[in-house]
Participant: 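Structure provided below as C-alpha coordinates; questions to follow.
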Amino acid sequence: TADDVVFTYQAIKTWKSPLLNNFRNVNVLRVDDQTIQFQLPKANPSFLNLLTVGIMPAHIWEDLSDVNAMLTDANLKPIGSGPYQALSFTRDSKGFIFSYHLRAWPKYYGIAPFIKDVTFRFYGDRVQAQNALRGNQVDTLAFVPWGDVATIKNKNVHSLKLELPQETVAFFNTKDAVLKDERLRTALSMAIDHHELQDLIGAHATLINSPFPFLEATTSTPENLEGARALLQSMGWILNAGETVRHFVPVVVPKSTKKTASVTTSSTPLTLTIDVPEQPDLLKVADFLKRRWSLLGIQVAIQSTDPESLLRQILNDRSYQIVVWNILLPETQDLTPFWNSGSATGNGLNLSNLQDRDVDNALNALNNVTSTEGLLSARLRLANTILARVPALFLLRPAYAYMVSNRVLGTSDERISRPADRLRNMNTWYIKTDLRWK
(Lines give C-alpha, C1' and ligand atoms only; values in the text may rest on other atoms or scores of the structure.)
Protein backbone atom coordinates (compact mmCIF):
# COMPACT_ATOMS: atom_id res chain seq x y z
CA THR A 1 0.00 0.00 0.00
CA ALA A 2 0.97 3.67 -0.16
CA ASP A 3 1.46 3.54 3.60
CA ASP A 4 4.04 0.77 3.17
CA VAL A 5 6.01 2.91 0.70
CA VAL A 6 6.02 5.90 3.05
CA PHE A 7 7.04 3.69 5.96
CA THR A 8 9.92 2.17 3.99
CA TYR A 9 11.49 5.49 3.04
CA GLN A 10 10.97 6.90 6.52
CA ALA A 11 12.67 3.81 7.97
CA ILE A 12 15.70 4.50 5.79
CA LYS A 13 16.13 7.77 7.68
CA THR A 14 15.10 6.78 11.20
CA TRP A 15 16.98 3.47 11.16
CA LYS A 16 20.16 5.08 9.80
CA SER A 17 20.25 2.85 6.74
CA PRO A 18 23.33 2.79 4.46
CA LEU A 19 20.96 4.49 1.98
CA LEU A 20 20.47 7.44 4.33
CA ASN A 21 22.53 9.94 2.32
CA ASN A 22 20.29 9.41 -0.71
CA PHE A 23 17.13 10.38 1.17
CA ARG A 24 18.30 12.52 4.09
CA ASN A 25 16.71 15.73 2.74
CA VAL A 26 13.81 14.09 0.89
CA ASN A 27 10.27 14.34 2.28
CA VAL A 28 7.95 11.43 1.45
CA LEU A 29 4.22 12.14 1.52
CA ARG A 30 1.15 9.96 1.06
CA VAL A 31 -1.19 11.71 -1.39
CA ASP A 32 -3.83 8.98 -1.61
CA ASP A 33 -4.10 5.17 -1.59
CA GLN A 34 -2.07 4.83 -4.78
CA THR A 35 0.01 8.00 -4.95
CA ILE A 36 3.26 8.97 -3.24
CA GLN A 37 5.00 12.33 -3.51
CA PHE A 38 8.73 12.77 -3.05
CA GLN A 39 9.72 16.37 -2.24
CA LEU A 40 13.35 17.14 -3.08
CA PRO A 41 15.25 20.25 -1.98
CA LYS A 42 16.44 20.68 -5.59
CA ALA A 43 16.02 18.98 -8.93
CA ASN A 44 17.96 15.72 -9.26
CA PRO A 45 17.89 13.95 -12.66
CA SER A 46 19.42 10.82 -11.08
CA PHE A 47 16.75 10.49 -8.38
CA LEU A 48 14.65 7.85 -10.16
CA ASN A 49 17.66 5.54 -10.14
CA LEU A 50 17.50 5.52 -6.35
CA LEU A 51 13.92 4.26 -6.18
CA THR A 52 14.77 0.55 -6.45
CA VAL A 53 14.42 -0.09 -2.73
CA GLY A 54 12.42 -3.14 -1.68
CA ILE A 55 9.17 -2.09 -0.01
CA MET A 56 8.62 -3.21 3.60
CA PRO A 57 5.07 -3.89 4.88
CA ALA A 58 4.42 -1.41 7.67
CA HIS A 59 2.18 -3.72 9.72
CA ILE A 60 5.09 -6.19 10.04
CA TRP A 61 7.86 -3.71 10.80
CA GLU A 62 6.36 -0.66 12.46
CA ASP A 63 6.70 -1.98 16.01
CA LEU A 64 10.34 -3.01 15.58
CA SER A 65 13.38 -0.86 16.23
CA ASP A 66 16.50 -0.60 14.10
CA VAL A 67 18.40 -2.43 16.86
CA ASN A 68 16.22 -5.54 16.55
CA ALA A 69 15.64 -5.43 12.79
CA MET A 70 18.50 -7.76 11.88
CA LEU A 71 17.39 -10.38 14.38
CA THR A 72 13.69 -10.54 13.63
CA ASP A 73 12.06 -13.39 11.67
CA ALA A 74 10.77 -10.81 9.19
CA ASN A 75 14.34 -10.15 8.11
CA LEU A 76 14.92 -13.84 7.31
CA LYS A 77 11.45 -14.45 5.87
CA PRO A 78 10.95 -11.20 3.96
CA ILE A 79 7.62 -10.00 2.66
CA GLY A 80 7.86 -7.71 -0.37
CA SER A 81 6.15 -6.92 -3.65
CA GLY A 82 8.17 -9.07 -6.04
CA PRO A 83 7.23 -11.98 -8.28
CA TYR A 84 8.29 -14.61 -5.72
CA GLN A 85 7.61 -15.22 -2.05
CA ALA A 86 10.09 -16.71 0.41
CA LEU A 87 8.77 -20.04 1.67
CA SER A 88 11.66 -21.47 3.68
CA PHE A 89 15.40 -21.43 4.28
CA THR A 90 18.02 -23.70 5.82
CA ARG A 91 20.96 -22.70 8.01
CA ASP A 92 23.52 -24.26 10.32
CA SER A 93 23.98 -23.86 14.07
CA LYS A 94 26.12 -20.75 13.54
CA GLY A 95 23.42 -19.03 11.54
CA PHE A 96 24.99 -19.36 8.06
CA ILE A 97 22.32 -19.63 5.39
CA PHE A 98 22.58 -22.67 3.10
CA SER A 99 19.56 -22.15 0.88
CA TYR A 100 16.38 -20.16 0.24
CA HIS A 101 13.30 -21.65 -1.37
CA LEU A 102 11.05 -19.24 -3.27
CA ARG A 103 7.67 -19.86 -4.91
CA ALA A 104 5.92 -17.82 -7.57
CA TRP A 105 3.49 -15.31 -6.07
CA PRO A 106 0.16 -15.63 -7.92
CA LYS A 107 -0.92 -12.04 -7.10
CA TYR A 108 2.20 -10.40 -8.55
CA TYR A 109 1.25 -7.14 -10.30
CA GLY A 110 3.45 -7.81 -13.36
CA ILE A 111 3.97 -10.81 -15.62
CA ALA A 112 3.43 -13.94 -13.55
CA PRO A 113 6.65 -16.00 -13.27
CA PHE A 114 6.90 -18.93 -15.67
CA ILE A 115 9.15 -20.90 -13.30
CA LYS A 116 7.15 -21.88 -10.21
CA ASP A 117 9.91 -22.78 -7.72
CA VAL A 118 13.39 -21.28 -7.34
CA THR A 119 16.05 -22.22 -4.81
CA PHE A 120 19.07 -20.05 -4.00
CA ARG A 121 22.04 -22.00 -2.69
CA PHE A 122 25.02 -20.47 -0.90
CA TYR A 123 28.53 -21.91 -0.86
CA GLY A 124 31.58 -21.27 1.29
CA ASP A 125 33.76 -20.26 -1.66
CA ARG A 126 33.77 -19.99 -5.44
CA VAL A 127 35.45 -23.38 -5.94
CA GLN A 128 32.56 -25.17 -4.23
CA ALA A 129 30.02 -23.18 -6.25
CA GLN A 130 31.76 -23.93 -9.55
CA ASN A 131 31.95 -27.62 -8.69
CA ALA A 132 28.21 -27.57 -8.01
CA LEU A 133 27.62 -26.11 -11.47
CA ARG A 134 29.85 -28.71 -13.11
CA GLY A 135 27.94 -31.44 -11.29
CA ASN A 136 24.55 -30.08 -12.44
CA GLN A 137 23.57 -29.35 -8.84
CA VAL A 138 22.73 -25.75 -9.74
CA ASP A 139 21.47 -24.09 -12.92
CA THR A 140 23.15 -20.68 -12.71
CA LEU A 141 26.26 -19.16 -11.19
CA ALA A 142 26.96 -15.42 -11.33
CA PHE A 143 30.15 -13.35 -11.65
CA VAL A 144 32.49 -16.09 -12.77
CA PRO A 145 35.90 -14.72 -13.89
CA TRP A 146 36.29 -15.23 -17.63
CA GLY A 147 39.52 -17.11 -17.00
CA ASP A 148 37.48 -19.84 -15.30
CA VAL A 149 34.77 -20.10 -17.96
CA ALA A 150 36.64 -22.59 -20.15
CA THR A 151 37.00 -25.02 -17.24
CA ILE A 152 33.27 -24.85 -16.45
CA LYS A 153 31.60 -24.51 -19.82
CA ASN A 154 30.30 -27.74 -21.35
CA LYS A 155 27.43 -28.93 -23.52
CA ASN A 156 24.98 -28.35 -20.65
CA VAL A 157 26.04 -24.78 -19.73
CA HIS A 158 26.46 -21.53 -21.64
CA SER A 159 27.75 -18.13 -20.58
CA LEU A 160 26.19 -14.66 -20.60
CA LYS A 161 27.97 -11.33 -20.17
CA LEU A 162 27.23 -9.08 -17.20
CA GLU A 163 28.47 -5.48 -17.27
CA LEU A 164 28.45 -3.31 -14.15
CA PRO A 165 29.36 0.38 -13.74
CA GLN A 166 32.79 -0.82 -12.69
CA GLU A 167 36.30 0.19 -13.71
CA THR A 168 39.82 -1.10 -13.31
CA VAL A 169 41.87 1.93 -12.27
CA ALA A 170 45.53 2.48 -11.41
CA PHE A 171 45.56 5.31 -8.85
CA PHE A 172 48.70 7.47 -8.51
CA ASN A 173 49.36 8.85 -5.03
CA THR A 174 49.75 12.52 -5.94
CA LYS A 175 51.26 13.23 -2.52
CA ASP A 176 54.14 10.78 -3.08
CA ALA A 177 57.61 12.35 -3.38
CA VAL A 178 58.06 10.96 -6.90
CA LEU A 179 54.51 10.91 -8.23
CA LYS A 180 53.60 14.43 -7.09
CA ASP A 181 55.20 15.69 -10.32
CA GLU A 182 52.43 15.74 -12.93
CA ARG A 183 55.01 15.38 -15.71
CA LEU A 184 56.13 12.02 -14.37
CA ARG A 185 52.53 10.80 -14.14
CA THR A 186 52.05 11.95 -17.73
CA ALA A 187 55.09 9.94 -18.82
CA LEU A 188 53.66 6.86 -17.13
CA SER A 189 50.37 7.41 -18.93
CA MET A 190 52.13 7.80 -22.30
CA ALA A 191 53.71 4.35 -21.89
CA ILE A 192 50.37 2.51 -21.86
CA ASP A 193 49.46 0.50 -24.95
CA HIS A 194 45.73 -0.07 -24.52
CA HIS A 195 45.55 -2.54 -27.40
CA GLU A 196 48.17 -4.73 -25.74
CA LEU A 197 46.15 -4.53 -22.53
CA GLN A 198 43.01 -5.58 -24.41
CA ASP A 199 44.81 -8.60 -25.87
CA LEU A 200 46.05 -9.52 -22.41
CA ILE A 201 42.71 -9.31 -20.59
CA GLY A 202 40.51 -10.57 -23.41
CA ALA A 203 37.62 -9.38 -25.51
CA HIS A 204 35.16 -9.48 -22.62
CA ALA A 205 36.71 -6.40 -21.02
CA THR A 206 36.18 -2.99 -22.61
CA LEU A 207 38.86 -0.31 -22.89
CA ILE A 208 37.96 3.01 -21.24
CA ASN A 209 39.51 6.46 -20.89
CA SER A 210 37.19 8.08 -18.37
CA PRO A 211 36.27 7.94 -14.67
CA PHE A 212 32.72 7.16 -15.83
CA PRO A 213 32.53 3.52 -17.04
CA PHE A 214 30.04 4.20 -19.85
CA LEU A 215 31.22 7.66 -20.92
CA GLU A 216 34.09 8.29 -23.34
CA ALA A 217 36.10 11.40 -22.47
CA THR A 218 37.21 13.84 -25.15
CA THR A 219 40.68 14.08 -23.59
CA SER A 220 43.09 11.16 -23.71
CA THR A 221 46.83 10.50 -23.70
CA PRO A 222 47.99 8.53 -26.76
CA GLU A 223 50.71 5.92 -26.42
CA ASN A 224 54.16 7.42 -27.09
CA LEU A 225 57.07 5.53 -25.58
CA GLU A 226 59.74 7.76 -27.13
CA GLY A 227 57.92 10.86 -25.98
CA ALA A 228 57.66 9.44 -22.46
CA ARG A 229 61.40 8.68 -22.41
CA ALA A 230 62.22 12.18 -23.61
CA LEU A 231 59.95 13.68 -20.94
CA LEU A 232 61.67 11.73 -18.18
CA GLN A 233 65.05 12.73 -19.57
CA SER A 234 64.06 16.41 -19.49
CA MET A 235 63.07 16.06 -15.83
CA GLY A 236 66.54 14.82 -14.92
CA TRP A 237 65.78 11.10 -14.82
CA ILE A 238 68.78 9.87 -16.84
CA LEU A 239 69.30 6.39 -18.25
CA ASN A 240 73.05 5.81 -18.62
CA ALA A 241 74.45 3.52 -21.28
CA GLY A 242 74.46 -0.12 -20.21
CA GLU A 243 71.96 0.46 -17.38
CA THR A 244 68.30 -0.52 -17.16
CA VAL A 245 67.12 1.87 -14.44
CA ARG A 246 67.08 5.64 -14.58
CA HIS A 247 68.75 7.73 -11.88
CA PHE A 248 68.05 11.30 -10.97
CA VAL A 249 70.75 13.75 -12.05
CA PRO A 250 70.43 17.10 -10.28
CA VAL A 251 72.10 20.11 -11.82
CA VAL A 252 74.49 21.73 -9.33
CA VAL A 253 75.00 25.44 -9.96
CA PRO A 254 78.16 26.92 -8.28
CA LYS A 255 77.82 30.01 -6.13
CA SER A 256 80.24 31.83 -8.43
CA THR A 257 78.59 32.61 -11.74
CA LYS A 258 82.01 32.56 -13.38
CA LYS A 259 82.30 28.81 -12.91
CA THR A 260 80.63 26.30 -15.20
CA ALA A 261 77.64 24.35 -13.78
CA SER A 262 78.40 20.71 -13.13
CA VAL A 263 76.16 17.66 -13.41
CA THR A 264 76.31 15.14 -10.60
CA THR A 265 74.79 11.64 -10.76
CA SER A 266 72.48 10.93 -7.83
CA SER A 267 72.13 7.53 -6.19
CA THR A 268 68.35 7.84 -6.41
CA PRO A 269 66.95 5.26 -8.86
CA LEU A 270 63.51 5.66 -10.42
CA THR A 271 61.57 2.96 -8.62
CA LEU A 272 57.83 2.47 -8.15
CA THR A 273 55.71 0.04 -6.15
CA ILE A 274 52.27 -1.17 -7.21
CA ASP A 275 49.87 -2.42 -4.53
CA VAL A 276 47.17 -4.75 -5.84
CA PRO A 277 44.61 -7.15 -4.35
CA GLU A 278 45.20 -10.86 -4.79
CA GLN A 279 42.80 -11.16 -7.72
CA PRO A 280 43.94 -12.80 -10.99
CA ASP A 281 42.58 -10.08 -13.31
CA LEU A 282 44.10 -7.24 -11.29
CA LEU A 283 47.44 -9.04 -10.96
CA LYS A 284 47.52 -9.30 -14.76
CA VAL A 285 46.98 -5.55 -15.01
CA ALA A 286 49.76 -4.88 -12.47
CA ASP A 287 52.16 -7.12 -14.42
CA PHE A 288 51.23 -5.28 -17.61
CA LEU A 289 52.01 -1.90 -16.02
CA LYS A 290 55.30 -3.21 -14.69
CA ARG A 291 56.30 -4.43 -18.13
CA ARG A 292 55.36 -1.21 -19.91
CA TRP A 293 57.04 1.06 -17.37
CA SER A 294 60.20 -1.04 -17.41
CA LEU A 295 60.51 0.04 -21.06
CA LEU A 296 60.97 3.58 -19.74
CA GLY A 297 63.81 2.55 -17.46
CA ILE A 298 61.72 2.31 -14.29
CA GLN A 299 62.17 -0.42 -11.72
CA VAL A 300 58.74 -1.60 -10.60
CA ALA A 301 57.82 -3.88 -7.68
CA ILE A 302 54.41 -5.47 -7.13
CA GLN A 303 52.93 -6.10 -3.68
CA SER A 304 49.73 -8.10 -3.34
CA THR A 305 47.57 -9.14 -0.43
CA ASP A 306 43.92 -9.92 0.24
CA PRO A 307 41.56 -7.05 -0.67
CA GLU A 308 40.28 -6.33 2.84
CA SER A 309 43.77 -6.11 4.36
CA LEU A 310 45.04 -3.99 1.50
CA LEU A 311 42.16 -1.52 1.73
CA ARG A 312 42.67 -1.09 5.48
CA GLN A 313 46.38 -0.59 4.94
CA ILE A 314 46.14 2.04 2.21
CA LEU A 315 43.40 3.99 3.98
CA ASN A 316 45.20 3.95 7.32
CA ASP A 317 48.64 5.19 6.27
CA ARG A 318 48.10 6.50 2.69
CA SER A 319 51.83 6.01 2.06
CA TYR A 320 51.52 3.83 -1.05
CA GLN A 321 52.60 4.89 -4.54
CA ILE A 322 50.24 3.17 -6.98
CA VAL A 323 47.11 1.14 -6.27
CA VAL A 324 45.32 -1.00 -8.86
CA TRP A 325 41.69 -1.54 -7.93
CA ASN A 326 38.26 -2.34 -9.33
CA ILE A 327 35.90 0.52 -8.50
CA LEU A 328 32.16 -0.21 -8.53
CA LEU A 329 30.08 2.96 -8.79
CA PRO A 330 26.57 3.27 -7.32
CA GLU A 331 23.48 3.49 -9.52
CA THR A 332 23.84 7.28 -9.69
CA GLN A 333 27.51 6.96 -10.73
CA ASP A 334 28.40 9.56 -8.10
CA LEU A 335 32.17 10.15 -8.15
CA THR A 336 32.23 12.40 -5.08
CA PRO A 337 33.63 9.76 -2.66
CA PHE A 338 36.52 9.06 -5.04
CA TRP A 339 37.55 12.54 -6.19
CA ASN A 340 36.46 15.32 -3.84
CA SER A 341 39.24 16.92 -1.80
CA GLY A 342 37.62 16.05 1.53
CA SER A 343 38.01 12.33 0.80
CA ALA A 344 41.79 12.60 0.34
CA THR A 345 42.46 12.28 4.07
CA GLY A 346 41.54 9.90 6.85
CA ASN A 347 39.55 6.92 5.60
CA GLY A 348 38.32 8.69 2.48
CA LEU A 349 38.17 6.78 -0.82
CA ASN A 350 40.08 9.39 -2.83
CA LEU A 351 42.90 6.93 -3.52
CA SER A 352 44.88 9.44 -5.59
CA ASN A 353 44.89 11.86 -2.62
CA LEU A 354 44.07 14.55 -5.17
CA GLN A 355 42.99 17.88 -3.70
CA ASP A 356 42.09 20.12 -6.59
CA ARG A 357 39.78 23.13 -6.67
CA ASP A 358 38.78 22.67 -10.32
CA VAL A 359 37.79 19.04 -9.69
CA ASP A 360 35.76 20.07 -6.63
CA ASN A 361 34.01 22.77 -8.67
CA ALA A 362 33.20 20.27 -11.43
CA LEU A 363 31.81 17.86 -8.83
CA ASN A 364 29.63 20.61 -7.33
CA ALA A 365 28.39 21.59 -10.79
CA LEU A 366 27.47 17.96 -11.46
CA ASN A 367 25.59 17.70 -8.18
CA ASN A 368 23.56 20.80 -9.08
CA VAL A 369 22.39 19.89 -12.57
CA THR A 370 18.64 19.90 -13.12
CA SER A 371 18.20 18.06 -16.43
CA THR A 372 19.29 14.89 -18.17
CA GLU A 373 21.08 16.92 -20.85
CA GLY A 374 22.90 18.91 -18.19
CA LEU A 375 23.88 15.69 -16.45
CA LEU A 376 25.73 14.36 -19.50
CA SER A 377 27.49 17.68 -20.09
CA ALA A 378 28.54 18.00 -16.44
CA ARG A 379 29.85 14.42 -16.39
CA LEU A 380 31.96 15.11 -19.47
CA ARG A 381 33.35 18.29 -17.90
CA LEU A 382 34.23 16.44 -14.69
CA ALA A 383 35.86 13.57 -16.61
CA ASN A 384 38.07 15.92 -18.63
CA THR A 385 38.98 17.96 -15.53
CA ILE A 386 40.13 14.83 -13.69
CA LEU A 387 42.05 13.54 -16.71
CA ALA A 388 43.88 16.86 -17.04
CA ARG A 389 45.47 16.30 -13.61
CA VAL A 390 46.61 12.73 -14.50
CA PRO A 391 45.82 11.35 -11.02
CA ALA A 392 45.07 7.84 -12.32
CA LEU A 393 44.96 5.55 -15.32
CA PHE A 394 41.44 4.50 -16.31
CA LEU A 395 42.07 1.21 -18.02
CA LEU A 396 39.20 -1.25 -18.36
CA ARG A 397 35.54 -1.89 -17.75
CA PRO A 398 35.60 -5.54 -16.68
CA ALA A 399 32.77 -7.92 -17.47
CA TYR A 400 31.84 -11.16 -15.77
CA ALA A 401 30.36 -14.40 -16.95
CA TYR A 402 26.92 -15.52 -15.85
CA MET A 403 26.93 -19.29 -16.29
CA VAL A 404 23.47 -20.62 -17.11
CA SER A 405 22.19 -24.11 -17.76
CA ASN A 406 20.96 -24.66 -21.30
CA ARG A 407 17.59 -25.73 -19.90
CA VAL A 408 16.99 -22.21 -18.55
CA LEU A 409 15.65 -20.02 -21.36
CA GLY A 410 14.72 -16.36 -21.66
CA THR A 411 18.01 -15.01 -20.27
CA SER A 412 20.22 -12.48 -22.06
CA ASP A 413 23.38 -10.40 -21.76
CA GLU A 414 22.82 -7.42 -19.48
CA ARG A 415 24.26 -4.05 -18.55
CA ILE A 416 23.25 -3.75 -14.91
CA SER A 417 23.66 -1.18 -12.13
CA ARG A 418 24.20 -3.60 -9.25
CA PRO A 419 24.72 -7.36 -8.90
CA ALA A 420 21.14 -8.11 -7.85
CA ASP A 421 19.83 -6.59 -11.10
CA ARG A 422 20.79 -9.74 -12.98
CA LEU A 423 17.56 -11.20 -11.56
CA ARG A 424 15.24 -8.32 -12.42
CA ASN A 425 13.73 -10.21 -15.40
CA MET A 426 13.70 -13.60 -13.74
CA ASN A 427 9.91 -13.76 -13.92
CA THR A 428 10.22 -14.13 -17.73
CA TRP A 429 12.74 -16.97 -17.61
CA TYR A 430 11.34 -20.39 -18.49
CA ILE A 431 12.45 -24.02 -18.70
CA LYS A 432 9.62 -25.65 -20.63
CA THR A 433 7.59 -24.89 -23.76
CA ASP A 434 4.24 -26.19 -24.98
CA LEU A 435 2.35 -26.12 -28.25
CA ARG A 436 -0.96 -24.30 -27.87
CA TRP A 437 -3.81 -23.25 -30.17
CA LYS A 438 -4.03 -19.53 -30.85
Side-chain angles (χ1 to χ4, degrees), residues 8 17-18 52-57 60-61 64 68-145 148-149 151-162 164 306-308 328 400-412 414 416-432:
T8 297
S17 161
T52 57
V53 180
I55 303 304
M56 303 164 64
I60 299 292
W61 290 94
L64 298 172
N68 298 324
M70 293 295 291
L71 303 176
T72 182
D73 285 345
N75 194 49
L76 293 173
K77 298 178 180 179
I79 298 175
S81 56
Y84 288 90
Q85 64 178 133
L87 285 187
S88 62
F89 63 92
T90 59
R91 59 180 174 179
D92 64 14
S93 59
K94 295 181 180 180
F96 292 107
I97 302 294
F98 287 145
S99 66
Y100 257 100
H101 180 201
L102 310 183
R103 177 157 292 169
W105 174 240
K107 298 181 181 180
Y108 179 55
Y109 63 87
I111 299 174
F114 297 134
I115 299 176
K116 181 179 179 181
D117 289 278
V118 175
T119 299
F120 285 93
R121 292 181 179 170
F122 302 89
Y123 294 88
D125 55 45
R126 182 167 296 281
V127 173
Q128 294 180 45
Q130 292 180 353
N131 288 337
L133 183 65
R134 289 190 190 95
N136 297 320
Q137 298 173 22
V138 295
D139 290 295
T140 68
L141 178 61
F143 299 100
V144 177
D148 294 343
V149 169
T151 65
I152 299 174
K153 203 169 183 180
N154 55 47
K155 62 181 181 180
N156 299 319
V157 179
H158 66 279
S159 59
L160 301 174
K161 183 177 180 180
L162 294 178
L164 289 163
D306 67 275
E308 292 78 10
L328 177 62
Y400 298 91
Y402 194 9
M403 308 302 295
V404 181
S405 168
N406 290 337
R407 80 188 191 102
V408 179
L409 306 173
T411 58
S412 62
E414 294 246 28
I416 57 180
S417 297
R418 54 181 183 168
D421 287 347
R422 70 188 187 277
L423 303 172
R424 62 188 171 193
N425 297 321
M426 192 171 71
N427 57 311
T428 62
W429 296 0
Y430 59 97
I431 56 177
K432 294 179 181 180

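No hydrogens, no waters, no symmetry mates; every other heavy atom, side chains included, goes into these values.
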Participant: I need the minimum non-hydrogen distance between Tyr123 and Ala132, along with the two atoms involved.
Facilitator: OH-CB, 3.3 Å
Participant: Are the side chains of Asn136 and Asn156 in touch, meaning some heavy atoms are under 4.5 Å apart?
Facilitator: yes
Participant: Evaluate side chain to side chain contact (heavy atoms under 4.5 Å, CB included) for Gln85 paired with Trp105, printing each intermediate quantity in order.
Facilitator: CA-CA 6 Å; Gln85 64 178 133; Trp105 174 240; 3.4 Å; yes
Participant: Might you work through the salt bridge (charged side-chain N to carboxylate O under 4.0 Å, His left out) test for Glu414 and Lys161, ending with a clear yes or no?
Facilitator: CA-CA 7 Å; Glu414 294 246 28; Lys161 183 177 180 180; over 6 Å; no
Participant: If you round to the nearest 0.5 Å, how far is CG of Leu409 from NZ of Lys432?
Facilitator: 12.5 Å
Participant: Could you give the distance from OH (Tyr100) to CZ (Phe120), rounded to the nearest 0.5 Å?
Facilitator: 11.0 Å
Participant: Of all the heavy-atom pairs spanning Asn427 and Tyr108, show the shortest one and how long it is.
Facilitator: ND2-CE2, 4.0 Å
Participant: I'd like to check Asp139 versus Val404 (side-chain heavy atoms, cut-off strictly below 4.5 Å). Are they in contact?
Facilitator: no
Participant: Determine whether Thr119 and Ser99 satisfy the following criterion, side chain to side chain donor-acceptor pair (under 3.5 Å), listing intermediate values before the conclusion.
Facilitator: CA-CA 7 Å; Thr119 299; Ser99 66; over 6 Å; no
Participant: How many angstroms lie between atom CG of Asn406 and atom CG of Asn154, to the nearest 0.5 angstrom?
Facilitator: 8.0 Å
Participant: Can you find a pair of side-chain heavy atoms, one from Thr140 and one from Met403, that are under 4.5 Å apart?
Facilitator: no
Participant: Please examine the side chains of Phe89 and Leu76, heavy atoms only from C-beta on, and report whether any two atoms are closer than 4.5 Å.
Facilitator: yes
Participant: To the nearest 0.5 angstrom, please state how far the CG atom of Asn131 sits from the CG atom of Leu141.
Facilitator: 10.5 Å
Participant: For the atom pair NZ (Lys107) and OG (Ser81), what is the distance rounded to the nearest 0.5 Å?
Facilitator: 14.5 Å
Participant: Verify, without hydrogens or angle tests, whether Asn425 (side chain) and Thr428 (backbone) share a donor-acceptor contact under 3.5 angstrom.
Facilitator: no
Participant: Is there a side chain to side chain contact (heavy atoms under 4.5 Å, CB included) between His101 and Thr90 once you walk through the steps?
Facilitator: CA-CA 9 Å; His101 180 201; Thr90 59; over 6 Å; no
Participant: Does the side chain of Leu164 come within less than 4.5 Å of Pro419's, by heavy atoms?
Facilitator: yes
Participant: Give the C-alpha distance, both sets of side-chain angles, the deciding distance and a yes or no for side chain to side chain contact (heavy atoms under 4.5 Å, CB included) between His158 and Val149.
Facilitator: CA-CA 9 Å; His158 66 279; Val149 169; over 6 Å; no
Participant: Taking all heavy atoms of Ala142 and all of Arg126, pick out the closest pair and write down the distance.
Facilitator: O-NH1, 3.6 Å
Participant: Any chance you could measure Tyr402, atom OH, to Leu423, atom CG, to the nearest 0.5 Å?
Facilitator: 5.0 Å
Participant: Are any non-hydrogen side-chain atoms of Asp117 and Leu102 less than 4.5 angstrom apart?
Facilitator: no
Participant: Answer whether the closest heavy-atom distance between the side chains of Arg418 and Thr52 falls below 4.5 Å.
Facilitator: yes
Participant: Let's go through Tyr400 and Val144 carefully: what are the C-alpha distance in whole Å and the side-chain angles of both, what is the deciding distance for side chain to side chain contact (heavy atoms under 4.5 Å, CB included) to 0.1 Å, and is it a yes or a no?
Facilitator: CA-CA 6 Å; Tyr400 298 91; Val144 177; over 6 Å; no
Participant: Using side-chain heavy atoms (C-beta onward) and a distance below 4.5 Å, is Ile431 in contact with Phe114?
Facilitator: no
